[in-house]
Amino acid sequence: MKPLKVALLGCGVVGSQVVRLLHEQADDLAARVGAPLELAGVAVRRLGRKRDADVDPALLTTDAEALVTRDDIDIVVEVIGGIEPARSLIVAAMEKGKSVVSANKALLAEDGATVHRAAKSGGADLYFEASVAGAIPLLRPLRESLAGDHVTRVLGIVNGTTNYILDKMDSTGASFSDALEEAQALGYAEADPTADVEGFDAAAKAAILAGLAFHTRVTAADVHREGITEITAADVASAKAMGYVIKLLAICARSEDGRSVGVRVHPAMIPRTHPLAGVREAYNAVFVEAESAGQLMFYGKGAGGAPTASAVLGDLVAVARNRLAGTRGPDESTYAELAVHPMGDTVTRYHVSLDVADKPGVLARVAEIFANHDVSIQTVRQEGHGDDAQLVLVSHRASDAALSATIETLRGMDIVRAVVGVMRVEGDDTP
Ligand SMILES: NC(=O)c1ccc[n+]([C@@H]2O[C@H](COP(=O)([O-])OP(=O)(O)OC[C@H]3O[C@@H](n4cnc5c(N)ncnc54)[C@H](O)[C@@H]3O)[C@@H](O)[C@H]2O)c1
Ligand SMILES: N[C@@H](CCO)C(=O)O
Ligand code: NA
């Protein structure tokens, strides 16, 4: 059988593992596809660089554009990352009818429209399982296995670096900066950890998940995003004392009337009994809730060269099979065209700690502010007394707009010395 020729763009952490697996699993892959997969070219930035992968130097080129448009290439694997030149290269390949496998969450979340359009007009496949939650099969289950169901919510931990940091803070009492340093020493966090700790990485993944789950185009700009840099050891301890753990969550949910969706990434307290609370270290886990299927949970490694390459290889086999069968995978599905509602319309609960004066009438006045904003209080307790008094309140569900207006008013009150902490509470059935 004539081999299918594969061009690889980028030979870094993920790319070098793709090369290894293509070599090591060559016979099995050929049997599964029905034709050998031949690595026919590898685009790199610098030819002379030492790399982890054992690549025939004759395959290396710095001219990625010439490689993706070469007549003999059937499939392009893009593991360069970033918007450009990745987008132009993918579009150029698909315009020539080549199938593309990409791990590029940044591109798919920022400008998925362009690459999906190019796939359709070129009659090409575009698969991107590795872009969200690395090795965990999640996008194809949403795109294919759940195509007959009605997904109502996707909720999960989709960034390994921040989960590692929060887990260390929870288990050892470490500060954010100490836990970040440890994550960097272990190679989880990059030298510039902004994309992870500020939630950009998780927001890109949330946009991709929401788009697939709700058949609607969602971009990174539509996602409400808050990172974890402001979380203190005291926040973590306070959550612990109340039976909660703090996680950076990505939440994509339909509104109650089903006419819009909310997509958000922010730290939240979840009960320690919630299955996501047990997701430790750099693992990822995602809950998908669908009307007929009920609750599904996906768990595993969301990052790392080999786990991510596993997802790339799975896509490679799928697009190779499609080519041999003369068929294509599903087009982008955005027919539902739901509106993405602003964060203020999201219904959630707040955990609020206030530094207050310990004297008669303070609790009543604080409670009145909540009532004035139509926010109902679920629990309240006082910690310490005298000058050290803190009130800790947990609200019932209310709109995020009403909750944040409540906090704004509290900040302006003379009896409130400081709003010490405000965090959303998720993951339980409390109304
Ligand atoms: N590393 C992970 O755990 C992981 C997990 C999921 C998804 N991803 C995604 O996979 C992609 C690759 O990530 P990575 O960790 O391998 O990054 P990396 O930085 O290790 O590798 C990228 C490589 O591409 C090369 N490159 C950049 N521009 C190029 C160009 N114009 N032509 C040829 N080569 C070029 C770089 O020199 C580098 O070697 C990114 O989109 C990333 O978001 C990575
Ligand atoms: N930086 C990401 C891995 C790539 O998606 C994480 O920490 O999960
Ligand atoms: Na995945």
Side-chain angles (χ1 to χ4, degrees), residues 7-19 41-47 49-53 55 60-68 76-90 101-110 127-143 156-166 180 183-184 186-205 208-209 212 228 248 250 281-286 298-312 314-315:
L8 178 67
L9 310 182
C11 197
V13 172
V14 179
S16 54
Q17 292 301 311
V18 170
V19 171
V42 180
V44 295
R45 213 146 37 176
R46 283 181 303 278
L47 290 176
R49 209 181 121 207
K50 200 179 148 343
R51 43 195 103 247
D52 294 336
V55 195
L60 297 179
T61 174
T62 53
D63 192 347
E65 203 180 322
L67 176 62
V68 299
V76 171
V77 174
E78 183 273 309
V79 280
I80 290 174
I83 308 300
E84 285 295 347
R87 174 174 49 200
S88 305
L89 293 168
I90 289 175
V101 174
S102 171
N104 196 330
K105 68 210 109 175
L107 173 58
L108 283 150
E110 183 170 309
Y127 277 54
F128 43 100
E129 182 60 70
S131 67
V132 180
I136 306 173
L138 182 58
L139 303 192
R140 270 203 271 158
L142 281 170
R143 203 181 180 189
I157 295 166
V158 294
N159 182 269
T161 305
T162 48
N163 199 58
Y164 183 86
I165 293 170
L166 292 171
L180 169 61
Q184 282 170 319
L186 286 168
Y188 291 128
E190 312 256 328
D192 176 2
T194 311
D196 291 320
V197 299
E198 295 291 1
F200 290 103
D201 176 81
K205 292 166 178 167
I208 296 170
L209 287 172
L212 292 175
I228 64 163
L248 182 70
E281 308 218 308
Y283 279 86
N284 285 190
V286 178
F298 299 82
Y299 172 84
K301 286 194 173 144
T308 307
S310 163
V312 170
D315 280 355

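Whatever order the structure lists ligands and atoms in, that order sets their numbers, starting from 1. Scope of the values below: all heavy atoms of this structure, side chains included, with no hydrogens, waters or symmetry mates.
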Review point. Has ligand 1 got any nitrogen or oxygen that is less than 3.5 angstrom from a nitrogen or oxygen of G304?
Key: yes
Exercise for review: Using a cut-off of 6.0 Å, state whether more than 12 heavy atoms not belonging to E198 lie near its atom CD.
Suggested key: yes
Check your understanding: Are the side chain of E129 and the backbone N or O of R140 linked by a donor-acceptor pair below 3.5 Å?
Key -> yes
Review point. Angle subtended at the Na ion (ligand 3) by O of E129 and O of G134, to 10 degrees?
Key: 90°
Review point. Is there an N/O/S atom in G302 at a distance below 3.0 Å from the Na ion (ligand 3)?
Key: no
Point to revise | Close-contact set for ligand 2 against K105 heavy atoms, below 4.0 Å | key: 4 (C), 5 (O)
Review point. Does a side chain donor of either D192 or T194 reach within less than 3.5 Å of an acceptor in the other side chain?
Key: yes
Check your understanding: Do I136 and V286 have side-chain heavy atoms sitting under 4.5 Å apart?
Key -> no
Check your understanding: From A130, does some N, O or S atom reach closer than 3.0 Å to the Na ion (ligand 3)?
Key -> no
Revision key, fill the gap. What one should report as the nearest heavy-atom pair of K205 and K105 is CE-CD, 3.7 Å
Point to revise | Protein contact to atom 12 (C) of ligand 1 [nearest heavy atom, distance to 0.1 Å] | key: V79 O, 3.3 Å
Review point. Hey, is K105 touching ligand 1 through its side chain, its backbone, both or neither, going by heavy atoms under 4.0 Å?
Key: side chain
Practice item. Please could you name the atoms of ligand 1 that G12 approaches to less than 4.0 Å, counting only its heavy atoms? Key: 16 (O), 20 (O), 21 (O), 23 (C), 39 (O)
**Study point:** Element-labelled atoms of ligand 2 that are located less than 4.0 Å from some non-hydrogen atom of G160
**Key:** 6 (C), 7 (O), 8 (O)
Check your understanding: Of the protein's non-hydrogen atoms, which lies at the shortest distance from atom 25 (C) of ligand 1, and what is that distance?
Key -> G10 CA, 4.1 Å
**Study point:** ligand 2-proximal atoms of D196, by part, heavy-atom distance under 4.0 Å
**Key:** side chain
Practice item. State, yes or no, whether a side-chain contact exists between L89 and E65 at a heavy-atom distance under 4.5 Å. Key: yes
**Study point:** Heavy atom of protein closer than 4.0 angstrom to atom 17 (O) of ligand 1
**Key:** no
**Study point:** Distance filter under 4.0 Å to G81 heavy atoms, resulting ligand 1 atoms
**Key:** 40 (C), 41 (O)
**Study point:** Per-atom contacts, ligand 1 versus R49 - under 4.0 Å to a heavy atom
**Key:** 39 (O)
**Study point:** Shortest protein contact, atom 44 (C) of ligand 1 (heavy atom only)
**Key:** V14 CG2, 3.7 Å
Study note, to complete from the structure: Taking only non-hydrogen atoms of V44 and a 4.0 Å limit, the atoms of ligand 1 in range are 33 (C), 34 (N)
Check your understanding: How does A103 reach ligand 1, by side chain, by backbone, by both or by neither, if only non-hydrogen atoms under 4.0 Å count?
Key -> both
Check your understanding: Which is it for T162 and ligand 2 at heavy atoms under 4.0 Å: side chain, backbone, both or neither?
Key -> neither
Review point. With backbone taken as N, CA, C and O and side chain as the heavy atoms from C-beta onward, which portion of I80 lies under 4.0 Å from ligand 1: side chain, backbone, both, or neither?
Key: both
Point to revise | Nearest-contact summary for atom 5 (C) of ligand 1 - protein heavy atom, Å | key: T308 OG1, 3.1 Å
Exercise for review: Would you check whether V13 has a nitrogen or oxygen atom less than 3.5 angstrom from a nitrogen or oxygen atom of ligand 1?
Suggested key: yes
Practice item. Just jot down the ligand 1 atoms closer than 4.0 angstrom to any heavy atom of P85, in number order. Key: 31 (N)
Point to revise | Atoms in ligand 1 with a heavy atom of A303 nearer than 4.0 Å | key: 3 (O)
Review point. Nearest protein heavy-atom contact for atom 7 (O) of ligand 2: which residue, which atom, what distance?
Key: T161 OG1, 2.5 Å
Revision key, fill the gap. The atoms of ligand 1 lying under 4.0 Å from a heavy atom of A43, numbered in the order shown, are 33 (C), 34 (N)
Check your understanding: Has the side chain of T162 got a donor or acceptor atom that lies under 3.5 Å from a matching backbone atom of D196?
Key -> no
**Study point:** Residue part near ligand 2, for K205, under 4.0 Å between non-hydrogen atoms
**Key:** side chain
Practice item. Among L142, V132, L138, find the one that has a side chain to side chain contact (heavy atoms under 4.5 Å, CB included) with L212. Key: L142
Check your understanding: Counting only heavy atoms on the protein side, is anything nearer than 4.0 Å to atom 3 (O) of ligand 1?
Key -> yes
Exercise for review: For ligand 1, find out whether one of its N or O atoms is nearer than 3.5 Å to an N or O atom of G305.
Suggested key: no
Check your understanding: Are side-chain heavy atoms of N284 and N163 found at a separation under 4.5 Å?
Key -> no
**Study point:** Any side-chain heavy-atom pair of R51 and V44 under 4.5 Å
**Key:** yes
Check your understanding: Between L107 and I90, is any pair of side-chain heavy atoms under 4.5 Å apart?
Key -> yes
Revision key, fill the gap. A303 heavy atoms within 4.0 Å reach ligand 2 at atoms 3 (C)
Practice item. Could you list the atoms of ligand 1 found under 4.0 angstrom from a heavy atom of R45? Key: 27 (C), 28 (N), 33 (C), 34 (N), 36 (C), 37 (O)
Practice item. Record the part of A130 in heavy-atom contact with ligand 1 below 4.0 Å; permitted values are side chain, backbone, both and neither. Key: backbone
Check your understanding: Can an N, O or S atom be found in I136 less than 3.0 Å away from the Na ion (ligand 3)?
Key -> yes
**Study point:** Location of contacts on E78 toward ligand 1, heavy atoms closer than 4.0 Å
**Key:** neither
